[in-house]
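Here is how names work: the chains are called A, B, and so on, in the same order as the sequence lines, proteins then strands, and each is numbered from 1.
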Amino acid sequence: MKAAKFDYERPADLDGALRLLGGGGDVYAKVLAGGQSLGPMLNLRLAQPGLLVDVTRIPELTRVEDDGEALVLGACVTHAMIEDGKVPDVTGGALPSVAGAIAYRGVRNRGTIGGSVAHADPAADWPTALSALGAEAVVRGPSGSRTVPVSEFIVGVFETVMGEDEILEAIRIPKLSADARWGYYKVCRKPGEFADAIGAVLVDAEHSVHRLVIGATNAAPVTIADAAEVLGGNGVPGASFDLDAARRLVDGADTNLDDMERHIHAVALKRAVEQVAK
Amino acid sequence: MSTKGIGARLTRKEDGRYMRGRGNFVGDMAMSGLKEVAFLRSPVAHAKIEGIEIPDAIRARVFHNADMKGVRPMRPAASLPGFKQSDFPALAADKVRYVGEMIAACVADTRAEAEDLVEQIIVDFDELPVLANIVDAQKPGATLIHEEWGDNVFVVTSRDDDIDAVAKTAPVKVTRTYDMARQTMNPMEGAGCLAYWDERMGQLVLYSSTQAPHLIRTGLAEHLELEQRQVRVIAPDVGGGFGYKCIMQPEELAVAWLAIKLGHPVRWVQDRREHLVACANSRQHHYQVTAYADEKGRILATDVEVTVDVGAYSVWPFTAVLEASMAGGNLAGPYGLEVCRYKTFSVATNKPPFIPYRGVARAGVCFATELTVDAIAREIGREPHEVRFENLVTPDMMPYTNILNKHLDSGDYPECLRRAVDGIGLEAVRERQAKGEEDGRMVGVGIGMFTEQTAHGTSVFSGFGIPLIPGFEQAKCRVTPDGGLEIYIGVHSHGQGMETTMAQVANEILGIDPDLITVVHGDTGSSPYSTGSYASRAAVMAGGAISRTCKVLAERLGIIGAHLLQCGHHEVEVRDGKVVGPRGEVSIADVAKIWYLNPDQLPDDADPGGLEATGGYKPKVDTGSFTYSAHAAVVAVDVEIGAVELLDYVVVEDCGTMINPLVVEGQTFGGTAQGIGTGLYEESPYDDNGQPLASTFMDYIMPGATEVPDIRMVHMETPSPYTDHGIKGAGETAAIAPAAAIANAVNDALRGLGAEINETPMSPRRVLAALAGARKAAE
């Protein structure tokens, strides 16, 4: 399959990109970043935009900043840059660890953190991992910027809160305290495939964070923000968190999964928690 | 003798261009005026075509069945009693019978533009009930896929041994149902072809990614109603075939017709989605097996029903009968089975047609029989390999004709099994199992054995009565004026390294360095006729033909050489690239120079045939030489998520004399990887509407570097008594046993939990279902 006809623009700045997205009349414009999901969709003609707006040469979107409380990564920072430590890590190793296990190196070289979040494929890593880390999406539109927690940014399968005239500008990842612990467990048929199930957990007692995320469901990642009790309060986190406890959480969440899938998600969640309990 | 001849571990001559990306595949070709083709394929599985609406503006670039007047549908015959023929037109006529069936061909400057044309065509379908599986297709009153048939069964074959006596007295009875998933073959290069009409030669020229150029030529001529001399088929570099490219594809027929119709070159290059959805289907077998055994596990009789979901049409020329009849014929495997009753059904469904896939039918047969052997072993509480020893044909019985008329030519099957058991370290695995795993996974070990009939020829294929039966194989060999050699053969290498191995065979006879030998193959314009590279036949057949022909050349070189050496020609010997006499030697290059350039120096008795000869060959027994093998696998099963990891894998194989052990090992690695795909990953599921659910590699999982363990290989080498140099085929074998070995290992791992899995692929979902079933049964 080869893509249907489309126009292509590569604006030099964010305002230029916003003008192209907002000014098209009946032209359906789509943002192109790393193209690792959009490329195949174009070739399969599942997506047939009239205009592709390539945002990879916009300097604002590759910036890396420390604003004191959080690390701000421009949306076009690639998975490989995170994997390779080319950007600072404020998450005790969570960011590079997740980045390094996304798909294959060829995909990581081009795929971007913002593209992954904006594409909102539930089986991708960043939507779940960033929800667990309490990250925020910085969205720019014609009328300015707004900030939305990643856990609220994605509202369904391939669905976000963004309007067609908005761009995901950056991801803001809060710094974890020194004794914070995280766990991340992904089930896939083979390394490099999209996940069949993801379990993620963050325990940062100093910041009163006990957060679980059930990812790679047939819906938006499910964030359980008040998991302190199921994780055993302030004792050894997760010591009493068994498969039944995990299954109860999965069963209670809006996942659109069948029985066997919920079982596998419960296992993933349990194994993620085991990582913080060790 | 020669260090580069038969048996040498020579690196492959062709790899230089492949590794540097300098191969020449159909997709690489440039030609002035070339246009690209995209096909409109049916989105529905079963429907009448009520009308096709094509906008006027593009009508001249769109073609459908009604435009192809005079082109015959593919309607291969088979002589099996009751076989029903199917009309398979290149572009659907009044009805479509599977999703992906071609309806129209669109021609444009680029593939993308051709696909734009496809999107503008509107087809009016009158949808019919869909038969998406063998159960629905066999129900009384089911919709008919081919109305004139009366039912949906291509053919039934059977063997009717009386098993009642055994059934009454046998102390052990095991009954199982086995299912193999539908698969596609996925060579790295999909199909593709380019055609044009050559005015000067008055010839259609078709470049195609095929295993069998002569076969395609014959097929195109017959179906386009051309004379055979008016068609030339050239297979350039071919990036894998696995059987998919040994049939005439409807796309080849359509593209050939378009080239004649349009008067300019046209090309179609298959994309992966077309491959996964519409082409290269295979492997979907269903078995019901009852085996009777004594207390030691000696199998007394088997009673088997095989049903193959062969899809909507017979492919040309191998038809829909090949799978099921080969399944029936191979049920004895390497065992000395004495009583066997079977019935096979080749059932038509609304799916793409079945195509012979590496290890035709035998991956399924091996799965069914080898899992049954293990089930017997569990039933009587013996080690599975001990049960195999009770049943294997032994060397003192060779050659051995089994009850299904398979003539096993040579080998030591028990030794093969012993080496597999030792190789995998069975005792150590048993100790490890007793200790248990730190991570809670369950470890298991399993074995899969089989025999593979290779290079089976005239007497076997004539039994199927299909349109094209392999016979004698020829090679044309020419010594060049500077003492090099050109070999012309009609088989084609689609990745097997034949440019190297065939040169080694010639080197064995003439001693000409393989670097000075060119193998010319894949072109009907230059090579002797051959039905092609399939049935693991090329090394045996073309190898034998080259050997024979080179001996003719050696004789002729000897006559001239003896004259130059002033001795009798019975006193000379051709070796190491020279004619060697009692008192001196002369190089083949010098002899060739005299033949071609200085004939004034030739002796009177020089053979006027010169230094070019065509010779032919067929083994003295043409029922096939039997390669055999034992695969052993160790797995770890994560019983919480159903994941299976291969921890260790050993292959013991005997393909007779190895022309080049490196090439045999390459074939064995690749085949095993494919078999791992069959066992654990690959699956083309269909929903009840006959819609394929795996249309990209997102859903169709192939094994990759992380799924294929370091395969440890043990060679045995028992020359076939029937073939020149003792060669047996090696191309297909390794793909046959992995699913069986892995399944036996998984079932060994799950034994303590009472779970058993009897289908492929052993996906997490199937493993978890087996575990859930066992828990339920225990309640």
Distance in Å, B:I54 CD1 paired with B:L117 CG, rounded so as to fall on 0.5 Å steps
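Atom-to-atom, B:I54:CD1 and B:L117:CG are 10.5 Å apart.
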Results of side chain to side chain contact (heavy atoms under 4.5 Å, CB included) for A:V31 - residues two or more places apart only
A:L21, A:V55, A:I167
Determine which donor-acceptor pairs between chain B and chain A fall under 3.5 Å and list them with their distances.
from: B:A112; atom 1: O; to: A:R45; atom 2: NH2; distance (Å): 2.9
from: B:E115; atom 1: OE1; to: A:K2; atom 2: N; distance (Å): 2.8
from: B:E115; atom 1: OE2; to: A:K2; atom 2: N; distance (Å): 3.2
from: B:D116; atom 1: OD1; to: A:R45; atom 2: NH1; distance (Å): 2.9
from: B:D116; atom 1: OD1; to: A:R45; atom 2: NH2; distance (Å): 3.0
from: B:E119; atom 1: OE1; to: A:R45; atom 2: NH1; distance (Å): 3.4
from: B:E119; atom 1: OE2; to: A:R45; atom 2: NH1; distance (Å): 3.4
from: B:E119; atom 1: OE2; to: A:Q48; atom 2: NE2; distance (Å): 3.2
from: B:D271; atom 1: OD2; to: A:M1; atom 2: N; distance (Å): 2.3
from: B:D638; atom 1: OD1; to: A:R271; atom 2: NH2; distance (Å): 2.9
from: B:D638; atom 1: OD2; to: A:R271; atom 2: NH1; distance (Å): 2.7
from: B:D638; atom 1: OD2; to: A:R271; atom 2: NH2; distance (Å): 3.0
from: B:E640; atom 1: O; to: A:H263; atom 2: NE2; distance (Å): 2.7
from: B:E640; atom 1: OE1; to: A:K270; atom 2: NZ; distance (Å): 3.1
from: B:E640; atom 1: OE1; to: A:R271; atom 2: NE; distance (Å): 3.3
from: B:E640; atom 1: OE1; to: A:R271; atom 2: NH2; distance (Å): 2.8
from: B:E640; atom 1: OE2; to: A:K270; atom 2: NZ; distance (Å): 2.6
from: B:L680; atom 1: O; to: A:R189; atom 2: NH2; distance (Å): 2.6
from: B:M702; atom 1: O; to: A:K190; atom 2: NZ; distance (Å): 2.3
from: B:R765; atom 1: NH1; to: A:D258; atom 2: OD2; distance (Å): 3.2
from: B:R765; atom 1: NH2; to: A:D258; atom 2: OD1; distance (Å): 3.3
from: B:R765; atom 1: NH2; to: A:D258; atom 2: OD2; distance (Å): 2.8

From the list B:A643, B:P764, B:A772, the residue making the most non-hydrogen contacts under 4.5 Å with chain A is B:P764
Under 4.5 Å from a heavy atom of chain A, the part of B:I701 involved
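Only the side chain of B:I701 comes within 4.5 Å of chain A.
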Quick one: what part of B:A769 sits under 4.5 Å from any heavy atom of chain A, side chain, backbone, both or neither?
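Both backbone and side chain of B:A769 come within 4.5 Å of chain A.
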After noting the C-alpha distance and the side-chain angles of A:V187 and A:V267, does the key distance pass the side-chain contact (heavy atoms from CB on, under 4.5 Å) rule?
CA-CA 9 Å; A:V187 178; A:V267 174; 5.9 Å; no
Please find the pair of heavy atoms, one from [X] and one from [Y], that lie closest to each other, and give the distance.
{"X": "B:G100", "Y": "B:A278", "answer": "O-CB, 3.6 Å"}
{"X": "B:L258", "Y": "B:V37", "answer": "CD1-CG2, 3.8 Å"}
{"X": "B:A633", "Y": "B:L646", "answer": "CB-CD2, 4.1 Å"}

B:D687, CG atom: more than 12 neighbouring heavy atoms under 6.0 Å
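Counting other residues, nucleotides and ligands, CG of B:D687 exceeds 12 neighbours.
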